[in-house]
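These notes concern the structure reproduced below.
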Amino acid sequence: MDILRAPIAQELARWPSFRQAGLTAAEIQAQLVRPPKRDMGDVALGCFVFAKAAGVKPNEVAAKLAAGDVPPDNGAPRLIEGATAAGPYVNFKLNRAACMALVLGAIERSCPGENIEDAPQWNFGAGEEGKGKTLVLDFSSPNIAKPLAVHHLRSTMIGYAIKKMRESQGWRVVGINHLGDWGTGFGKLIAGLKKYFPEVGQRALAGDARPLGDMTVQVLIETYQRFNQELKQHEDLEDAGKREFALLERHIEALMADRAHEAGPEGKANFLIWEHARNISLAEFERVYAHLGISFHLWPVVDLHRKRVLTEEPERFFRENALYIGESYYVTAEDLCRRIIADALELKVAEESEGAMVIYTHGKDKPPIILVKNDGATAYHTRDMAAALYRHRHFNSETLVYVVGGEQRLHFQQLFKGLELLGHAWAGQCAHVDFGLLLFKQPDGKWAKASTRAGRVVMLEDLLDEAVEAVRGIIREKNQDLARDAQQAERVAHAVGVGAVVFNDLKSGRRNDIKFDWDEILNFTGETGPYMLMQFVRMGSVTEKFHEAARLKDWGAHAWKQGDCAQLKRDDEWELVLLLANFPEALRRASADYEPSIVAKALIEVAAQTSSWWTNTKDTRIVGEDAELSKARVRLVNAVRKVLGRGLLLLGMTLVERM
RNA sequence: GUCCCCGUAGCUCAGUUGGAUAGAGCGGCGGUUUCCUAAACCGCAGGUCACAGGUUCGAAUCCUGUCGGGGACGCCA
C-alpha cells in the first residue's frame, strides 16, 4: 500500500466532498487501511477521527464523503475508480492498471540490473529519515576464549539486519563487535596456562608472539575450567589469577602511554599470552562469521592505523565493514574510565558503599552501578560507560544501540541512567534492543535456558554445518542437474542451509524466546528461508524462459520491460502488486522498531502470494503463447524477484540463481 | 521477597499501535505433478484471544486485580 497511499490520498484530497470536509492529503493518508475482505474494495478510509473532530457519527461522515463527485481531470491517470460507504468506512475500488504501473515503475527505477551481482544495489524502500545521522550499533559481541554458540546467532543476525535496514533509511551505521576480552577471568586463564603448560610462560617471557603454539579455543576453555575446578580446593589460586590480570592491565596501560619498557617482562609476557589467545579466538570467529557472510575489521588494542582507515573513505568503510573493538580498548582509551570516575565524584553522583564506589541509579533498594570494585579494579559498568563516551565522541553519534539479550535489561537501564546522571543528555536516545532467550529441552521435558540435555551448548558452526548437510541431501534428491555441478551445488547448499537457519531466527519477533529444536530448524517446508529463496529462484528461471521464448518468437530481447499492466487482469496478480507496494512501509517500520521480523513477514506474504499465483497460472503459464500477456507477467515477475532479493539481502541471506 | 517480560488454534507465531466476520506456517485428514523448480499449490478440521472486573460508540490491543510461565536482582561480563 505504501507507494500507493500517498498518491491515493492526494487524489482524494482533490475530491469535492473531501475538500468540503476540509481534509488534507496527510490526514487522509493516515486513515487509509486495507479492508479485511477483498470484495469490499482495494483500500478503505476509516472515518472515526474525522467524525470525532466534526462531532458527528462516523457513518454519516463516510456516507457524505462517498457520495461526492470525482474530481476534475488533471491529466494524470486516475487511481480511484469508485467509492462506497460501508458503515464507518469508505471503501474504494482502484484503477488496477494505473496503480500497477505506479508500483512496478517504482520498483524498476530503484532496482537497476537483473543479475544477482546487481542485487546489492537494489534499494526499493529506501528512505531519508536517517540522512546525515550516525548510529553506533553494538552487536554479536562474543567472549574470547569461548566458542560461538547458537545463542550468538541472535545478536549477530538481528544486529546485522538492523545495520542493513537502518542504512536503507539513510543512516550511517557503525557496527561494533564488542568483544568480551577483559576481566579477571583472563587472569585466571593466564595463570592456568602457565600452571598446566609451563612452556607457554617460558615462550612468552622469551618474547615469542605465539606463546600458545597451535592451541585451539577448546584447549583454552578446558584450561580455564580445570583451573576453576582446582580453585575450589586451593583458594590461593584466586590470588594468582588476580595477580596475572593486574600485570596484564598494567602492561596495557603502559603500552598506551608509550612506556611499555617500564612495565617489566612479566607484564609483557602476559600481554603476549592474552593477545595470542585473543587471536586464536578471532580466527575461529572469522570462520563462522564467514559462513554468515559477515566480516569485522579489527581495531587493535594499541592501534596506530585507525586514523588512516577513517579518513580515507569512512562512508563506504562503515557500510562494508563492522569493527571489532574489544572491551580492553576502553580500559585505557583516552583515560575515559578514570574520567568517568572523576566526573562521578565531582558531580557527587557516586558514593562509597561496602568498599566499592557506586552510583545508585534506581534508588537505594535497587542494585547500584559499581564504578570501582572493592579491590580497586574497574567493573564492566565503568567500561561500558567509557565505551559509550568513546563511541559518542569518535563516531559523532547521538544514538547508541545495543543488540543484547533481554536478561541484561536492568544493566542497560542503569547504564543509560548513569550516563544521564553524569550530564550526558544524549543517553536518553540510546536503546537496548533486547531479544528472547534460547531455550533447550531438559530431561524433565521443560524448556530451559543455557544447555542441552547433554549439558553442553550447541556450537553455531555445528548447527550451520548440519543445515548445509541437510540441504546437500535435498539437492541430490530433487535437483540432479544442479548436483552434477559439484561446485555450484556446494555454493547453493551453503546459501540455502545457512539461509534456513538465519531466516528461522529472524522471522518471529525478536523478543520471543526461541525453543531450540533440530527437527523444526531442519524442516525446510512452509515459511522458511528455503521457501523464500525458492520463490526468488523461480522468478529468475521464468525470466530465463521468457528470454528463450522471445528469441524463438521474435518478441525482442527485453520486451517484458514494455509489459502493459492492463494485461494483468487476475485477482492474484493484483493482490501480489499490493503486497509489493507494502514493502517500503514494512521496511520503514522494521528499521524504526529494530525489528527484522517485520521485513521477514512482509516477504513471506509476497512469497506465498507468488507461489500461489505461479501454481494457479499453470494452465496458461506465465510465459505462454500470448506475447502481450507474457510480457506483462514477466514484468511483474521481475518486480517480485527484486523485492524478494532486496528483502533477503537486508536480512543477511545469500541469493542463489538455482536450487 | 522486589522489579521486568510474556500468556492468541495441538505446536510455533502474526494481528498495521483502539476499528469491519481474529489470520499464517507446522502437525493431522483429503486432493493436485505429460506443463516455466511439488523445498510447491488447493480444500477440510482446529479459537471463551489465560481468568475476572473496568475505561467507550467499539478491546486480543488501554487500566486494575488474580492465576500460570520465564528473566533479573553489588563487586562475573
Side-chain angles (χ1 to χ4, degrees), chain A residues 1 33-37 40 44 46 48 51-52 57-59 86-89 91 141 143 180 182-185 327 353-358 362 365-375 377 379-381 383-384 405-411 413 434 436-437 439 446-449 471 474-475 477-479 481-482 496 500 504 507-509 511-515 517 519-520 523-531 533-535 537-539 541-546 548-549 582 585-586 589 597-598 601 604-605 608 611-619 621-624 634 637 658-659:
Chain A
M1 286 302 298
V33 294
R34 278 227 76 186
K37 292 270 182 184
M40 292 172 169
F48 304 98
K52 200 162 210 171
K57 290 192 169 153
N59 296 31
Y89 290 91
N91 291 328
S141 308
N143 293 326
W182 207 244
T184 45
E327 250 190 294
S353 168
E354 297 172 35
M357 193 204 292
V358 304
H362 291 73
D365 50 341
K366 293 244 177 99
I369 284 179
I370 292 180
L371 287 183
V372 185
K373 299 195 285 189
N374 58 15
D375 65 358
Y380 75 122
H381 269 124
R383 295 198 285 277
D384 273 5
E407 318 91 274
Q408 299 205 40
R409 243 169 241 141
L410 179 60
H411 170 70
Q413 283 170 10
D434 56 347
L437 296 167
L439 304 179
K446 286 191 173 179
W447 293 92
K449 215 186 138 172
V471 175
I474 297 173
I475 290 174
E477 187 189 326
K478 306 213 168 186
N479 193 341
D481 255 12
L482 177 56
V496 176
N504 181 258
K507 76 174 171 186
S508 62
R511 300 179 75 149
N512 293 321
D513 290 342
I514 301 261
K515 289 169 183 156
D517 181 350
D519 292 342
E520 199 176 315
N523 177 6
F524 301 151
T525 65
E527 296 170 341
T528 63
Y531 177 70
L533 286 167
M534 183 65 172
Q535 305 317 321
V537 164
R538 279 175 160 181
M539 296 300 101
S541 61
V542 76
T543 304
E544 272 174 39
K545 190 83 187 176
F546 179 90
E548 196 181 299
N582 187 48
E585 194 192 346
R589 274 181 49 224
S597 70
I598 296 175
K601 294 278 186 208
I604 287 171
E605 289 190 336
S611 194
S612 179
W613 175 52
W614 170 280
T615 311
N616 293 337
T617 50
K618 286 241 159 168
D619 50 345
R621 327 264 284 165
I622 289 173
V623 177
V634 173
V637 159
R658 292 198 282 157
M659 66 184 272

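In this text, all values refer to a predicted model and were calculated from it rather than measured experimentally. Letters A, B, ... mirror the listed sequences (proteins, then strands); counts begin at 1.
Among the nucleotides B/A20, B/U12, B/C73, the one closest to the side chain of A/Leu410 is B/C73. The side chain of A/Asn523 lies closest to B/G27 when the candidates are B/G27, B/U12, B/A20. Taking every side-chain heavy atom of A/Ser508 into account, B/C13 is the closest of B/C13, B/A20, B/G74. Out of B/U12, B/A77, B/U16, the shortest distance to the side chain of A/Glu585 is found at B/U16. For A/Asn374, the side-chain atoms get nearest to B/C75 when compared with the rest of B/U12, B/A72, B/C75.
Rounded to whole Å, the P atom of B/A22 lies 14 Å from the corresponding atom of B/U61.
For A/Asp519, there are no salt bridge (Lys or Arg N to Asp or Glu O under 4.0 Å) partners two or more places apart in sequence or in a different chain. For A/Asn374, there are no side-chain hydrogen bond (donor to acceptor under 3.5 Å, both in side chains) partners, not counting sequence neighbours. The side-chain hydrogen bond (donor to acceptor under 3.5 Å, both in side chains) test applied to A/Thr543 returns no partner, not counting sequence neighbours. The side-chain hydrogen bond (donor to acceptor under 3.5 Å, both in side chains) test applied to A/Asn523 returns A/Thr525, not counting sequence neighbours. For A/His411, the ring pair (Phe, Tyr, Trp, His ring centres under 6.0 Å) criterion is met by A/Tyr380, A/His381, not counting sequence neighbours. Residues passing the salt bridge (Lys or Arg N to Asp or Glu O under 4.0 Å) test with A/Glu327 are A/Arg383, sequence neighbours excluded. Taking the salt bridge (Lys or Arg N to Asp or Glu O under 4.0 Å) definition, one finds that A/Arg511 meets it with A/Asp434, sequence neighbours left out. In this structure A/Phe48 satisfies the ring pair (Phe, Tyr, Trp, His ring centres under 6.0 Å) test together with A/Tyr89, sequence neighbours excluded.
Protein atom CD of A/Glu407 is 19 Å distant from nucleotide atom P of B/C76, rounded to whole Å. For A/Asn504 and B/C13, the CG to C1' distance is 11 Å, given to the nearest whole Å. Atom CG in A/Asp384 sits roughly 15 Å away from atom C1' in B/C75 (whole-Å rounding). To the nearest angstrom, P of B/U12 lies 11 Å from CG of A/Asp513. Nucleotide B/C13 holds its P atom 17 Å from the CD1 atom of A/Ile598, rounded to whole Å. One interatomic measurement links the two molecules: CG of A/Leu437 to C1' of B/G70, which rounds to 7 Å at whole-angstrom precision. In this structure, A/Ile604 atom CD1 and B/U12 atom P are separated by 17 Å, rounded to whole Å. Atoms CD1 (A/Ile370) and C1' (B/C76) sit 11 Å apart, rounded to a whole Å.
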Starting at the 5' end of RNA chain B, write a dot or bracket for each base, bracketing those in Watson-Crick or G-U wobble pairs whose two distances are under 3.5 Å and using | for partners on another strand.
(((((((..((((.....[...)))).(((((.......))))).....(((((..]....))))))))))))....
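Nearest-nucleotide positions on RNA chain B place A/Ile514 closer to the 5' end than the other of A/Ile514 and A/Gln408.
Counting all heavy atoms, side chain and backbone alike, A/Asn59 lies closest to A/Pro88 at OD1-N, 3.6 Å.
Contact check for A/Ile474 versus A/Pro530: no side-chain heavy atoms found under the 4.5 Å cut-off.
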Could you please spell out the steps behind the side-chain contact (heavy atoms from CB on, under 4.5 Å) verdict for A/Trp447 and A/Leu437?
CA-CA 11 Å; A/Trp447 293 92; A/Leu437 296 167; over 6 Å; no
Determine whether A/Ser611 and A/Arg538 satisfy the following criterion, side-chain contact (heavy atoms from CB on, under 4.5 Å), listing intermediate values before the conclusion.
CA-CA 9 Å; A/Ser611 194; A/Arg538 279 175 160 181; 3.2 Å; yes
Apply side-chain contact (heavy atoms from CB on, under 4.5 Å) to the pair A/Trp614 and A/Val542, showing each step before the final yes or no.
CA-CA 10 Å; A/Trp614 170 280; A/Val542 76; 4.1 Å; yes
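Residue-level contact check: A/Gly183 touches the backbone only, with heavy atoms under 4.0 Å from sugar-phosphate atoms and none from bases. Within 4.0 Å of A/Asn91, counting heavy atoms only, lies at least one base atom of the nucleic acid. Nucleic acid contact for A/Ala44: base, since at least one base atom lies under 4.0 Å from a heavy atom of the residue. Note on A/Ala356: a base of the nucleic acid sits closer than 4.0 angstrom, heavy atoms only. At a threshold of 4.0 angstrom between heavy atoms, the contacts of A/Gly509 are confined to the sugar-phosphate backbone, with no base atom among them. Using a 4.0 Å heavy-atom cutoff across all strands shown, A/Pro367 reaches sugar-phosphate atoms only and no base atom. As judged by a 4.0 angstrom heavy-atom cut-off over every strand, A/Lys57 is placed among residues making no nucleic acid contact.
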Listed pairs, N/O of protein and of nucleotides 1-9 of chain B, under 3.5 Å:
| from | atom 1 | to | atom 2 | distance (Å) |
| --- | --- | --- | --- | --- |
| B/C5 | O4' | A/Arg409 | NH1 | 3.3 |

Enumerate the protein-to-nucleotides 57-63 of chain B contacts in which both atoms are nitrogen or oxygen and the separation is below 3.5 Å.
none

Can you pull every protein N or O that's under 3.5 Å from an N or O on nucleotides 36-42 of chain B?
| from | atom 1 | to | atom 2 | distance (Å) |
| --- | --- | --- | --- | --- |
| B/C36 | O4' | A/Arg621 | NH2 | 3.1 |
| B/C36 | O2 | A/Val623 | N | 3.4 |
| B/C36 | N3 | A/Ile622 | N | 2.9 |
| B/C36 | N4 | A/Ile622 | N | 3.1 |
| B/U37 | OP1 | A/Ser541 | OG | 2.6 |
| B/U37 | O2' | A/Arg538 | NE | 3.2 |
| B/U37 | N3 | A/Met659 | O | 2.7 |
| B/U37 | O4 | A/Met659 | N | 2.4 |
| B/U37 | O4 | A/Met659 | O | 3.1 |
| B/A38 | OP1 | A/Lys618 | NZ | 3.4 |
| B/A38 | OP2 | A/Arg538 | NH2 | 2.7 |
| B/A38 | OP2 | A/Trp614 | NE1 | 3.4 |
| B/A39 | OP2 | A/Lys478 | NZ | 2.6 |
| B/A40 | OP1 | A/Gly526 | N | 2.8 |
| B/A40 | O3' | A/Ser611 | OG | 3.0 |
| B/A40 | O2' | A/Ser611 | OG | 2.7 |
| B/C41 | OP1 | A/Tyr531 | OH | 2.8 |
| B/C41 | O4' | A/Thr615 | OG1 | 3.2 |
| B/C42 | OP1 | A/Ser612 | OG | 3.1 |

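Counting only distance, with no hydrogens or angles, the side chain of A/Lys545 and the backbone of A/Val623 share no donor-acceptor pair below 3.5 Å.
Taking 4.0 angstrom as the limit, A/Arg589 places none of its side-chain polar atoms (N or O) nearer than this to OP1 or OP2 of B/U16. Contact between the side-chain N/O atoms of A/Lys515 and the OP1/OP2 oxygens of B/U12 is found at a separation under 4.0 Å.
Note that CD1 of A/Ile598 and CD of A/Glu585 are 9.5 Å apart. Values are rounded to the nearest 0.5 Å. Expressed to the nearest 0.5 Å, how far CZ of A/Phe546 lies from CD1 of A/Ile622 amounts to 12.0 Å.
Classified by its glycosidic torsion, B/U17 falls in the syn category, the angle being within 90° of 0.
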